[in-house]
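Note that ligands are numbered from 1 as they come in the structure, with each ligand's atoms numbered from 1 the same way. The residues of the chain are indexed from 1 along the displayed sequence. All figures in this text were calculated on a predicted structure; none of them were measured in a lab.
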Amino acid sequence: MKDLKHISKFLSLVLRHKPEEIEVAMDAQGWVNVDELIGKCNQSNNKLDFEMLEEVVVTSDKQRFAFNDDYTKIRANQGHTVNVDLQFEPTEPIEFLYHGTAEKFINEIKSNGLQKIQRLHVHLSKDLETAVKVGTRRGKPVILKIRAAEMHLAGYSFYLSQNGVWLCNEVPAKYIEF
Ligand code: HQG
């Protein structure tokens, strides 16, 4: 594979969305065997060795991937559409969290709140800057402020991924400041 960004995108595809792309086995917690991953990538003409894989994991701007303790397995820290259980512990959120979206979705979000769409969770960030980046991916960005502590008090669960992304199952519109 050409460069680290290209490898990172391919790993996101395989480890979050389509392990079947290279027919690699993924366990119920999202882990994939490192040797198998490297072998199957090479078989499918996506050149990869352990050093390249390690570099992607270490240098990933968002720390998207993690090895297990002995570096025999790897998984994505969040963002899956495949049905895995990363065994997140419910975590009390800070007062406000942010979600970056696009202007074209705002009316629907006003009616239905934030939904998971294809992913396993709604993704939120603790800082505005991250939300702006996320929203910019989909068009003219709009930043939504979520009253997370209030939601939590009302009984909604929040989770914090290993790479600092806040996750929840939905955000009803009444907790969103538009
Ligand atoms: C929107 C990236 C209409 C939602 C990012 C979003 C993130 C609704 C889109 C991570 C809606 C789903 C996730 C509703 C939500 N009606 N639209 N009721 N509820 N939406 O990609 O949060 O770089 O699944 O606002 O940085 O954009 O790949 O979610 O615009 O952390 O590592 O539907 O992906 O990380 O889009 O992004 P996504 P997201 P990576």
Mark yes when over 12 heavy atoms from residues, nucleotides or ligands other than [X] sit less than 6.0 Å from its [atom1]; otherwise mark no.
X	atom1	answer
Glu51	CD	yes
Gln118	CD	no
Gln115	CD	yes

Between the side chains of Gln78 and Asn163, is a donor N or O closer than 3.5 angstrom to an acceptor N or O?
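Gln78 vs Asn163: donor-acceptor pair found between side chains.
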
Short N/O distance, under 3.5 Å, between [X] and ligand 1?
X	value
Thr101	yes
Gln115	yes
Asn112	no

So is Arg137 touching ligand 1 or not, going by heavy atoms under 4.0 Å?
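Flag set, Arg137 near ligand 1.
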
Any Gly135 heavy atom less than 4.0 Å to ligand 1
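Heavy atoms of Gly135 never come under 4.0 Å of ligand 1.
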
Does only the side chain of [X] get under 4.0 Å from ligand 1, or the backbone, or both, or neither? Count heavy atoms.
X	value
His99	side chain
Leu114	both
Gln118	neither
Arg138	side chain

By the definition side-chain contact (heavy atoms from CB on, under 4.5 Å), identify the one residue from Val24, Ile22, Thr72 that meets it with Glu36.
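Checked Val24, Ile22, Thr72 against Glu36; only one passes side-chain contact (heavy atoms from CB on, under 4.5 Å): Val24.
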
Salt-bridge criterion met for Asp70 and Lys73 (N-O under 4.0 Å)
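Looking at Asp70 and Lys73, the cut-off is not met.
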
Considering only the protein, which heavy-atom contact is closest to [atom], and what is its distance?
atom	value
atom 18 (N) of ligand 1	Gly113 O, 2.8 Å
atom 26 (O) of ligand 1	Lys62 NZ, 2.5 Å
atom 28 (O) of ligand 1	Arg16 NH1, 2.8 Å
atom 12 (C) of ligand 1	Ile117 CG1, 4.0 Å

Mind checking the OH-CD spacing from Tyr71 to Glu54? Nearest 0.5 Å is all I need.
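Answer rounded to 0.5 Å: 6.0 Å.
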
When rounded to the nearest 0.5 angstrom, what is the spacing between NE2 in His123 and NE2 in His121?
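With rounding to 0.5 Å, NE2 (His123) is 7.5 Å from NE2 (His121).
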
Taking side chain as C-beta onward, heavy atoms only, is Glu23 less than 4.5 Å from Gln43?
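Contact flag for Glu23/Gln43 side chains = no.
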
Between Arg119, His123, Glu170, Gln63, flag the one that comes closest to atom 29 (O) of ligand 1 by a heavy atom.
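Nearest heavy atom to atom 29 (O) of ligand 1 lies in Arg119.
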
